[in-house]
There are 2 protein chains.
Amino acid sequence: MSRPTKHSPERGSARTRLLEAARDIVRTKGFAATAVDDLCRSADVTKGAFFHQFGSKEALGVAAAEFWAETTSVFFADAPYHAPADPLERVLAYVAFRKAIIAGDLAEFTCLVGTMAQEIYASSPDIRDACGRSIFGHAATLEADIEAARRDRGIIGDWTAESLARHTQTIIQGGFVLAKAGNDPELARESLDHLDRYIRHLFHITEENAA
Amino acid sequence: MSRPTKHSPERGSARTRLLEAARDIVRTKGFAATAVDDLCRSADVTKGAFFHQFGSKEALGVAAAEFWAETTSVFFADAPYHAPADPLERVLAYVAFRKAIIAGDLAEFTCLVGTMAQEIYASSPDIRDACGRSIFGHAATLEADIEAARRDRGIIGDWTAESLARHTQTIIQGGFVLAKAGNDPELARESLDHLDRYIRHLFHITEENAA
DNA sequence: ATATAAATACCGTACGGTCGGTATTTGTCA
DNA sequence: TGACAAATACCGACCGTACGGTATTTATAT
């Protein structure tokens, strides 16, 4: 594996391996504590290759956030929560899906861009903005279903689909923080139960009129 | 100021000044990116004093989390949201208070222990646990009012006061993450509005039966 | 006198980044 | 098609510095 036989086998093998290494290591140790040498070792790539692909450690941070945005958006686009015909059902299925994928080690299910944003928001505006695009871009994918559900059911409240979509991300990100602080993934799942209950409240779903 | 003429001059001991410096600098740069020299410079203290007070940088991290727990618990104990006679009013006043204190620069209102926990949860169990004690200790201060409100109003739901108290912290912490990622404090306030609405829903507060 | 607090010079190393060079791929034109 | 130059990908030794931490000395309080 020392030398790729083709120029671009898929999308640049050293580059991709470095981005995957960044995803995994930064999620466990944080961005600042992750050394370029750590990434090179994990990706089985030399330092020369690193600085050939990314001009600086900060550039890698930006690329890692963009890589995260791309891979997660494919992951969520392919996820089963889009199946229900009713938009509100899809929204609730999203919440259930987010709860279901909280499993295993903390570093496996927590959010790279949330972690990075929290750490470097003041030091590196470029990384911060790339993280922001990932988070708010994902939130935006929920808006259409929320808005459709709202229209379908004639809900009038002093909140917007955009705001509720962002709120789901607040709860997901906050859940990760509590799960880390308490070293217990259940803390993140617990808040998603509250979110589920909140959404049902907003849409006047009670035991009686539930499907 | 090279050598303090008195043991504890007035400006606070070297230890306290270092803890205050840690609070401010770690909140902006994160723990790993904060150098011991940064702290010494900011606290106007030499490195010898630093390592006399704290055996290691990690020990300072633990002490900073404990310092945060102490100062915030005093701050919240003295805050005006305890005034209302009705426990539910106190809970809602707490949420309003959390919203009100989100002002100024991000580093001024965001949470030291949430930031540190997110960053070092895997690298330093000692700091992580100190952060956890701060967050969950604060959450616990809300439990009594939530439980009293629940009993007062005869609310029966599939949630506990403990869980709702933690959920408030999830939303606060998640709000900080989004505010940082979007570089906009309003994002944190926005989710507190949803929390307020959720709590009113849980306690069946509508426009009609509101005080 | 003793213990505590703090100053300062210093240490080894691990960090981000550079640089000169080599291998591989690709475009181009007989 | 083959030759060949240009561009791209990669290698690994090296550099200056900033890092966490130590050792020794000096000041202060009781």
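The figures here come from the full heavy-atom set of this structure, side chains too, leaving out hydrogens, waters and symmetry mates.
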Can [X] and [Y] be counted as an ion pair, charged N to O under 4.0 angstrom?
{"X": "A/K99", "Y": "A/D196", "value": "no"}
{"X": "A/E66", "Y": "A/R133", "value": "yes"}
{"X": "A/E20", "Y": "A/R17", "value": "no"}
{"X": "A/E108", "Y": "A/R27", "value": "no"}

Task: Side chain to side chain, B/F50 and B/L39, heavy atoms closer than 4.5 Å - done: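 Answer yes - side chains close enough.
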Task: A/H167 vs B/I171 side-chain heavy atoms within contact, under 4.5 Å - done: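 In contact.
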Distances for protein N/O vs nucleotides 9-12 of chain C N/O pairs under 3.5 angstrom?
none

- [ ] Check whether any side-chain N or O of B/Q53 sits under 4.0 Å from OP1 or OP2 of C/dA5, and answer yes or no.
- [x]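 False: B/Q53 side-chain N/O out of range (4.0 Å or more) of C/dA5 OP1/OP2.
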Using whole Å, report how far [atom1] of [X] lies from [atom2] of [N].
{"X": "B/K57", "N": "C/dA14", "atom1": "NZ", "atom2": "C1'", "answer": "14 Å"}
{"X": "A/R41", "N": "C/dA14", "atom1": "CZ", "atom2": "P", "answer": "10 Å"}
{"X": "B/L18", "N": "C/dA7", "atom1": "CG", "atom2": "C1'", "answer": "14 Å"}
{"X": "B/F54", "N": "D/dG20", "atom1": "CZ", "atom2": "P", "answer": "14 Å"}
{"X": "B/F50", "N": "C/dT8", "atom1": "CZ", "atom2": "P", "answer": "18 Å"}
{"X": "B/R15", "N": "C/dA7", "atom1": "CZ", "atom2": "C1'", "answer": "19 Å"}
{"X": "B/H52", "N": "D/dG20", "atom1": "NE2", "atom2": "C1'", "answer": "18 Å"}
{"X": "A/I120", "N": "C/dG16", "atom1": "CD1", "atom2": "P", "answer": "16 Å"}

Can you figure out which of [options] approaches the side chain of [X] most closely?
{"X": "B/V36", "options": "C/dG17, D/dG20, D/dC10", "result": "D/dG20"}
{"X": "A/F51", "options": "D/dC11, C/dG17, D/dT22", "result": "C/dG17"}
{"X": "B/A35", "options": "C/dG16, C/dG17, D/dC19", "result": "D/dC19"}
{"X": "A/D37", "options": "C/dC15, C/dG17, D/dC10", "result": "C/dC15"}

TODO: Ignoring hydrogens and angles, state whether a donor on the side chain of A/S163 or B/H194 is under 3.5 Å from an acceptor on the partner side chain.
DONE: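 Yes.
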